[in-house]
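Just so it is clear, the structure is predicted and the values come from calculations on it, not from any experiment.
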Amino acid sequence: MKVLVTVGTTKFDTLIKYLSESHFPNEIEFTFQIADGDIHPENHPFFTFSDKIDLFYQESDVVICHAGAGTIYKLLEMKKKIIIVPNTERTDHHQLDIAAYMGKNNHAITVLDFGELSKALESIGKTELIPFEKHEFDKAEEMITFSLS
């Protein structure tokens, strides 16, 4: 199973350290996107940023990600299996809200404790996640009509 771990634009060293130093079954192949983090996985490929992140998403069976809205919605559009780990090291804690919503509505598996990652990886192949339905929100015409009246 190919697993991409992505942290977006903000480092999440504790997640990278935990996953890169923990023992998982050999059939799990990790690749890490570490942003400007200080932890560089020794036994796994990693990169800081990529203009071709979509290729990494496509090549992965599962993506473990921070709870950044842009990352999550892109992965949902691609119908990827997602394990969300909110980055609570940030000064704001908005990632907890989006992670809770995605987990509660069964669009992804949400993990709040790193110790649950092994179980989440084990179960994600058997878990039926509910596809997220994107709703277009284009109010331009309505706003123009309103402002002209």
Side-chain angles (χ1 to χ4, degrees), residues 1-140:
M1 171 175 25
K2 291 184 177 185
V3 177
L4 174 67
V5 180
T6 179
V7 299
T9 59
T10 306
K11 68 181 177 180
F12 192 179
D13 283 344
T14 53
L15 176 65
I16 301 299
K17 180 176 175 58
Y18 180 85
L19 287 170
S20 66
E21 293 180 358
S22 295
H23 296 287
F24 290 93
N26 289 336
E27 64 269 6
I28 297 178
E29 300 173 33
F30 287 104
T31 298
F32 293 86
Q33 181 268 317
I34 63 168
D36 59 352
D38 298 317
I39 303 298
H40 298 163
E42 292 182 22
N43 299 313
H44 305 283
F46 69 92
F47 58 97
T48 55
F49 298 100
S50 174
D51 292 335
K52 298 180 176 151
I53 191 73
D54 287 359
L55 293 175
F56 286 95
Y57 293 158
Q58 289 171 354
E59 293 173 359
S60 301
D61 300 307
V62 175
V63 178
I64 297 174
C65 66
H66 67 302
T71 300
I72 291 171
Y73 288 116
K74 179 66 173 180
L75 293 168
L76 289 170
E77 285 179 349
M78 296 176 78
K79 299 187 181 350
K80 299 306 288 186
K81 297 249 182 196
I82 311 168
I83 299 172
I84 300 172
V85 183
N87 184 351
T88 57
E89 296 169 11
R90 294 174 48 100
T91 54
D92 59 345
H93 289 279
H94 74 278
Q95 289 198 7
L96 289 168
D97 296 330
I98 193 168
Y101 177 86
M102 291 296 160
K104 177 182 169 194
N105 290 288
N106 204 30
H107 298 303
I109 293 176
T110 296
V111 171
L112 300 177
D113 179 339
F114 294 164
E116 297 172 11
L117 281 164
S118 182
K119 181 180 164 190
L121 279 168
E122 187 179 296
S123 68
I124 193 131
K126 304 172 222 150
T127 303
E128 282 298 320
L129 297 174
I130 297 171
F132 183 80
E133 290 186 35
K134 182 178 177 182
H135 300 281
E136 294 299 326
F137 183 78
D138 184 5
K139 296 289 185 177

(request) Applying side chain to side chain contact (heavy atoms under 4.5 Å, CB included) between Leu15 and each of Asn87, Thr6, Ile39, Leu117, report the one that passes. (result) Leu117
Is a donor on one side and an acceptor on the other found under 3.5 Å between the side chain of [X] and the backbone of [Y]?
X: Gln33; Y: Val7; value: yes
X: Lys81; Y: Thr127; value: yes
X: Gln95; Y: Ala67; value: yes

Should [X] and [Y] count as side-chain neighbours, where that means a heavy-atom distance under 4.5 Å?
X: Ile34; Y: His40; result: yes
X: Tyr101; Y: Ile84; result: no
X: Met102; Y: Leu76; result: yes
X: Lys2; Y: Glu29; result: yes
X: Tyr57; Y: Lys74; result: yes
X: Leu121; Y: Ile64; result: yes
X: Phe32; Y: Ser20; result: yes
X: Ser60; Y: Thr31; result: no

Locate the shortest heavy-atom distance separating [X] from [Y]; write the atom from each residue and the value.
X: Ile72; Y: Ile82; value: O-CD1, 4.1 Å
X: Lys80; Y: Gln58; value: NZ-O, 3.4 Å
X: Pro86; Y: Val111; value: CD-O, 3.4 Å
X: Ala99; Y: Thr110; value: O-OG1, 2.7 Å
X: Phe56; Y: Ser50; value: CE1-OG, 3.7 Å

From [X] [atom1] over to [Y] [atom2], what is the distance, rounded to the nearest 0.5 angstrom?
X: Thr88; Y: Leu112; atom1: OG1; atom2: CG; answer: 8.5 Å
X: His44; Y: Glu42; atom1: NE2; atom2: CD; answer: 10.0 Å
X: Asn43; Y: Glu21; atom1: CG; atom2: CD; answer: 9.5 Å
X: Met78; Y: Leu75; atom1: CE; atom2: CG; answer: 7.0 Å

(request) If the plane angle is over 60° it's perpendicular, under 30° parallel, otherwise tilted; pick one for His107 and Phe132. (result) perpendicular
(request) Kindly assign one of parallel, tilted or perpendicular to the pair Tyr18 and Phe114, based on the angle between their ring planes and the thresholds 30° and 60°. (result) tilted
(message) Counting only heavy atoms not in Glu122 (residues, nucleotides, ligands), do more than 12 fall under 6.0 Å from its CD?
(response) no
(message) List the residues meeting side chain to side chain contact (heavy atoms under 4.5 Å, CB included) with Ser118, not counting sequence neighbours, and say none if there are none.
(response) Phe24
(request) Give a yes or no on whether the ring-centroid distance for Phe12 and His66 is below 6.0 angstrom. (result) no
